[in-house]
Every structure is written in structure tokens, then in C-alpha cells.
Amino acid sequence: MIDKQKLISDLKNKIEEVREKVNLEQTKIKELGKKEPAQVRRMPIEDQYVYFNLLGQKEIRLRELEDLSSSPFFVKCEVVYEKNKEKKIIYFSKHQLIEEGISSWVAPVSSIRFETPGSTSYIPVPGGEYQSIKLLSKDQYMIVDGKIVFFSTEGVDVPRELVYQEHFSARKSGFVLPEIVAMMEKAQDAVIRSYHKGQLVVSGPAGSGKTTLALHRVAYLLQSPEVSHIYEQRSVIVFVQDSHTKDYFGHLLPDLGITHVTITTFVDWARKILEIPESVKCSEYSDSLITVEMSIYQHDKLKILSILEAVLWKKDFFSMLDSVYEKNLPKESYALFLKQKKQKILDRVDITILLRLYKFHNTIFTVSRTFTTVNKKGDFKEKTQVLPLEYSMIVVDEFQNYLPAELLCLKESVRVDTQAILYVGDIAQQVRIGSISNWSDIDENISVERIIKLEKVYRNTKAILEYIRALGYTVNIPLQIKEGKNITEYVSTDPREQIAFIENIVDTHPGKSIGIIGKSREDIKDHVRLKKNKKADIRVYTMYESQGVEFDIVCIVGIKEDMFTFTKDSGMSDDLLVQLKKVYKDLFYVALTRAMEELYIVGSCEAKEAVRSLVG
């Protein structure tokens, strides 16, 4: 029988020992960079470059040490090497601390943490020979802010036993790398470590963990000693849907040690390439499918991409587009463009067309880079350099919502020697018309082994998934999923009563993250003021904007009968009507799956009446 108190005491001592070492290293590093400018100028030029490089690494290492102080390690393995019978204890963490026997989770040896005690092996270096070992014991931990939250142990012929577990209800869980890596399945770890070159697809339903898996793949390539020189952080770019998702990723990525990759939207990226002035508004037109008129307008413009021809390149973007649209758009849609031109607005289709015209003229995309150099006198100078736009790796989140022409622009910007594009999403969750329908649209031929399909849903409760299934959606409900609370549908024709119902949910759920989601901006405008409530973390999104984020509690507002219906006499083509039906079906599914704990449906009718034209 194990002595749990002794194990816990030993673990606490080890935690304190590591935290003391971390504190010493933090003090040493903070001393770096205290030289006066005059001292730096007197240094030889080559020493100046070394000094500035160390300063650049200083902040990175300090962030790593902060992580180590909070969560020093999450697995301990006791092993014996078969070749020389050497016994060794290895700890695994988010970052390495060699003097304490702590290895990074990206080190080749860390793959053993998924093995059960007994004989096993790993490859120390890519392409090398297997190293045979015997895993004598394995302890798994969750340590947060230096405190033990979870502790289990197992050994050869000793079954896994729980040593300690804190009551988790008192602690808000978040996107913390050590916890995620510690619980990651072995198969997923193999995906993360798969061959680095070429395209890779991570696909799965909402809540399946595809974004988590994809981000760990990125973190591994950026930190693994074998390939980190190829995938430097500043040469990696992550494309997200909109500014809301950009903020969300901006909080997730630093937890993975990713601090210098570019996170952007396609529109913002294109704006920099084309050098569109600030006086011009660039819009995603996320509400463009709300009206018949705007749906037809977008559809008409999308047709032009397949027949686009070169025009004289000039900085007057609206003039170039005018010459294209006047010739190719129907009269009604051309009139809408003229109105848009007067307002100085470019939407994503306009911008994609401009990028294709740019390529006709320039052949390659370029980017301006400003950097600091030191002249012979020791003075600092800034220089600007125009370079071909090339990324070692491109990540495309929710790829299924990109136009084929948009994805082709991105493909043209990845380095030829890596061709590393990570597509993340689900082709069954499209919320935009004209999006990619199959890989042949962008001349991709991705082998089966490079398409990772996740099946299990980790985000939603059983109650939420059963509710979605009852609405007519095809949903797989995993075994052993948490039950959750029944879904509440609040039906009232009085907008004031609907708002009061939402306010009551906010007031009675302090400390919870709450998402208020509506089909259009009109549906959510009266709920924006709730964000000022100090008791809860509240976000108000359209359904389109909500893709890629999650909340403890979700309130879908503005539900009304046949809210997603367009009639055949609306003037739309059959092709557009089919596309819109799929888009709206997927859009509502996205909204329903944002909730992790509780889901509320609020409107003038039940949800089944609102979606009957979509799932019938």
C-alpha cells in the first residue's frame, strides 16, 4: 500500500525546490540589459548583435520561467535504459529546466509519458534508432500556481491510483498547456509530431478539440529542437475569422509559448499587401446574408472570380473594381457597388478580386520590413526593405469559410521548401456562400493520412447534444459525456420580457462566461449594454462572429418563426437558394454548440419552428 502523505510531501518539496531555482534564474536574467546606451556603443559590432539577441530572448525566457513557477511539471517518469542499465528520473513540463531534470513536452523523449509502465522505446533524434527503456513508474500531476490540484501514480504491476484531487468546482479551468498536454491522447500526440512538411488537415465537429490539437502542432514545430530553425515564430502566420476570434487566439497562443506569430484576418492581411489607406473601410460583411438584396449581390460578384482578367494596375482601387464590375455585374448589383464606392467600403470579395489583379501585375506578393541597424559610428539607424512574402507555415482556422480564391492567395505565400499549411475546420460548418466545397477547388491533393478527423465532442453536455439532435441535426453523442442541465426555451412576443429573462440569467450566474448570440446585429443590439455588468464575463456576437469561441452559458436570442427562410420568388437563383439553406443550417448549428454548460433559447417561438425549413 502506498504512503500517500509521503508522496504528497515529497512532491511539495520538489515543487518548492524548482520554484527556488526558477526565482534565482529570474533574478539573473533581469540583471541583463542594464547597460547604458554609451556602454553598448563602445562594444564591438559583433558583440552588439549578440547583446541585442540576448535582450530579445530575455523576455521570452522570463515568460517561460513564470510558467515554470506556476506549473513546474505535469509528468514524472522513472526509467531504466536497457543498454547501460542507467536509472533516471525525468520530469516533463511546458518548458525545460535542465538542472532540475525537467524536459520540455516537445523533446523526443516526452513521448514516453503516454506509455504504461513496462518495456517501451522512443527515438531520441529524427531518423535515429529506437532507444529501449523500461518505464518503472509514472506520476501525473496538475499543478496550478504552485499548488497540487491532481496527483496520480502507477508502476510496473501496480495499477494507477489516485493520490490527491482538489474539488475542481472551486477553480475556474482555462486553456493551460500542462493540463492539456498531460491529458492528451497518444494518437493525438502522434499527429502533433507528424512529418513537418506539406499540408495537414485537422477536421471535426464543433467542440471536438481540433483547434487545441492544431495549436499544439504549431507549438511543437516552433519549439522542437529538430525543426524550430525552420519554423521561426516570426515566419508563421495564423489566419482567423474576425477580430473577435483574433482576441480569443491572442489569449490562447501565449499559453503555448507562442508570442511572436502573426494572428490576423484575411482582410487585414490583404489590406497591408495592397496598402489600402485608412480612409477606406474594409469589411467582412458578416451580415451580408441577412437580406435578399445583399445575398444576390455577393453571389453575383463571386461569379466574376472565375472569369477575372487583368486590368491596368493603379492605386485607385475603386476605379479598378468599377472597370471590372460595370462590365460583369447585373444592373441592380452594379448599383449596389456604386453605393458602396461612394461610402468607401471594400468587402472581402472586392479585396480578393484586388489581390488577384495585384498578382496579374506583380507576379508575387511582397511585404515591407523595417529593421534597426548600427552604422560604423555606433549610431542606430532604421532601414526599410521590400521582400517577397513567404511564410514557413500558414495556419487557416475555419478553412471551410474561405473562398477558393482566398485560399489560393495563401498557398502562393507559403515557402516552397516547406509547403506547410495547416487547415483547421469542418467542411460541414460553412457559414459563407461561395466557400470551398472540395480540395480540387484549390488544386490540393491531400493524402488520407494527412487528414485527421476527430470524432469525440468534448465541449458540450449530453443534454445540449440531444437537444441539437432533436432539432433535426445529425449529431454523434459520445459515451461518458457529462449530462448537463436541460435546455430552456423562453417564448414571449414582448421584447421587454425577453430582455428581462436574459438579465436574470446574467444576475444569477456570477463568475460565468456568458455568450449572447443572435442572427443579426439587430437581434443583439438591445443586449450590448449587458456587457457592463460586473458580475459576469459577457460577450455579444452575431452567429457568424461566434464561430470558434465558447462560453459556459449561451443565450441565443431573436428566435422567430421561419427566420432562415427565403422564398423562391425572391429573385434568387436555385444555386444561391441551395447554398443559403446549407449556410443557415450550419450557422445555427455553430451557435447551438458554443455552450459548454447551459443553453437558453429566447424568442417569439421555439427553435424547432425557426429551423423547420432548414432541417426538414
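Here the rule is side-chain contact (heavy atoms from CB on, under 4.5 Å) with I516, and of V554, I505, V557 only V557 fits it.
Salt bridge K512/E598: absent, no basic N to carboxylate O contact under 4.0 Å. A salt bridge links K525 with E522: at least one charged nitrogen is closer than 4.0 Å to a carboxylate oxygen. Checked for salt-bridge contact, E232 and R234 miss the test: no charged N lies under 4.0 Å from a carboxylate O.
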Under the criterion side-chain contact (heavy atoms from CB on, under 4.5 Å), I'd like the reasoning laid out for K94 against L68: C-alpha separation, chi angles, the key distance, then a yes or no. CA-CA 7 Å; K94 182 176 177 180; L68 283 165; over 6 Å; no
Between K147 and D145, is a salt bridge (Lys or Arg N to Asp or Glu O under 4.0 Å) present by the stated rule, with each step listed? CA-CA 6 Å; K147 306 297 182 185; D145 297 330; over 6 Å; no
Walk me through whether Y141 and F150 qualify under ring pair (Phe, Tyr, Trp, His ring centres under 6.0 Å). CA-CA 5 Å; Y141 317 109; F150 173 86; 8.9 Å; no
Show, in sequence, the C-alpha distance, side-chain angles and deciding distance for L408 and L403, and conclude whether the side-chain contact (heavy atoms from CB on, under 4.5 Å) test is met. CA-CA 9 Å; L408 285 170; L403 303 174; over 6 Å; no
Quick one: do K344 and E278 satisfy salt bridge (Lys or Arg N to Asp or Glu O under 4.0 Å)? Show the steps, please. CA-CA 10 Å; K344 289 190 173 183; E278 290 298 319; over 6 Å; no
Please evaluate residues E489 and Y467 with respect to the criterion side-chain contact (heavy atoms from CB on, under 4.5 Å), reporting the C-alpha separation (whole Å), side-chain torsions for both, the decisive distance (0.1 Å), and the verdict. CA-CA 11 Å; E489 292 196 272; Y467 175 79; 3.0 Å; yes
Quick one: do T461 and I464 satisfy side-chain contact (heavy atoms from CB on, under 4.5 Å)? Show the steps, please. CA-CA 5 Å; T461 64; I464 291 172; 3.3 Å; yes
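Annotation: side chain of F317 is not in contact with side chain of D350 (no heavy-atom distance under 4.5 Å). In this structure, R539 and D537 have side chains that are in contact, with non-hydrogen atoms separated by less than 4.5 Å. Considering only heavy atoms from C-beta on, R521 comes within 4.5 Å of E545 through its side chain. In this structure the side chain of L422 never reaches within 4.5 angstrom of the side chain of I394, judged on heavy atoms. Annotation: side chain of Y423 is in contact with side chain of E444 (closest heavy-atom distance under 4.5 Å). Looking at heavy atoms from C-beta onward, K560 lies in side-chain contact with D523 at the 4.5 angstrom threshold. The closest side-chain heavy-atom distance from Y231 to Y391 is not below 4.5 Å. With a 4.5 Å cut-off on side-chain heavy atoms, K339 and Q343 count as touching.
Inspection of the Q400 and D586 side chains reveals no N or O donor paired with an N or O acceptor under 3.5 Å. Side-chain atoms of S283 and R348 include no donor-acceptor pair closer than 3.5 Å. With 3.5 Å as the limit, one finds a donor-acceptor pair spanning the side chains of S437 and D441. A donor and an acceptor atom, one from each side chain of R432 and Y402, are nowhere located under 3.5 Å apart.
The heavy-atom pair separating N401 from E406 by the smallest distance is O-OE1, 4.4 Å. Contact detail for C605 and E609: the closest heavy-atom pair is SG-CB, 3.9 Å. In terms of heavy atoms, A463 sits closest to G484 at CB-O, 3.9 Å. Residues I442 and P404 approach most closely at CG2-O, 3.4 Å, considering heavy atoms. The shortest non-hydrogen separation linking Q340 to D347 is NE2-N, 3.8 Å. Among all heavy-atom pairs drawn from Y473 and K585, the shortest one is OH-O, 2.8 Å.
No side-chain donor-acceptor contact under 3.5 Å links S224 to the backbone of L221. Between the side chain of T593 and the main chain of V590, a donor-acceptor pair closer than 3.5 Å is present. Here the side chain of S435 pairs no donor or acceptor atom with the backbone of Q430 at under 3.5 angstrom. Of the possible polar contacts, one joining the Q579 side chain to the G434 backbone as a donor-acceptor pair under 3.5 Å is found. N460 contributes a side-chain N or O that, together with a main-chain N or O of A595, makes up a donor-acceptor pair within less than 3.5 Å. For Q498 (side chain) and S492 (main-chain N/O), a donor-acceptor pair under 3.5 Å exists by modelled atom type. When atom types are taken as modelled, the side chain of K210 and the backbone of V202 share no donor-acceptor pair closer than 3.5 angstrom. Without hydrogens or angle criteria, E550 side chain to R459 main chain gives no donor-acceptor distance under 3.5 Å. Side-chain N or O atoms of R469 include one that pairs as donor or acceptor with a backbone N or O of V475 at under 3.5 Å.
Aromatic ring centres of W105 and H216: separated by under 6.0 Å.
The local environment of CG in N476 is sparse, with at most 12 non-hydrogen atoms from other residues, nucleotides or ligands closer than 6.0 Å. Summarising the local packing, NZ of K411 is surrounded by more than 12 heavy atoms from other residues, nucleotides or ligands at distances under 6.0 Å. The environment of CG in N486 is sparse: at most 12 heavy-atom neighbours from other residues, nucleotides or ligands sit within 6.0 Å.
Put simply, CZ on F92 and OG on S104 are 10.0 Å apart, with the number rounded to the nearest 0.5 Å. With rounding to the nearest 0.5 angstrom, the CG atom of L200 is 5.0 Å from the CZ atom of R217. One finds the CD1 atom of I502 at 10.5 Å from the CD1 atom of I553 (value rounded to the nearest 0.5 Å). Here D552 contributes atom CG and I514 contributes atom CD1; the two are 8.5 Å apart, rounded to the nearest 0.5 Å. A distance of 12.5 Å separates OG of S208 from CD1 of I452, quoted to the nearest 0.5 Å. Atom CG of D300 sits about 14.0 Å away from atom CZ of F337, to the nearest 0.5 Å.
Every residue meeting the side-chain contact (heavy atoms from CB on, under 4.5 Å) condition with D526, not counting sequence neighbours, appears here in chain and number order: I499. Residues forming a side-chain contact (heavy atoms from CB on, under 4.5 Å) with Q26 (at least two apart in sequence, or on another chain): V22, N23, L62, L65, E66.
Ring pair F266/F239 is tilted by interplanar angle, where 30° to 60° counts as tilted. Using bins of under 30°, 30° to 60° and over 60° for the plane-to-plane angle, the ring pair Y584/F564 lands in the tilted bin.
Geometric assessment of K519 against the ring of F588 yields a negative cation-pi assignment under the 6.0 Å and 45° thresholds.
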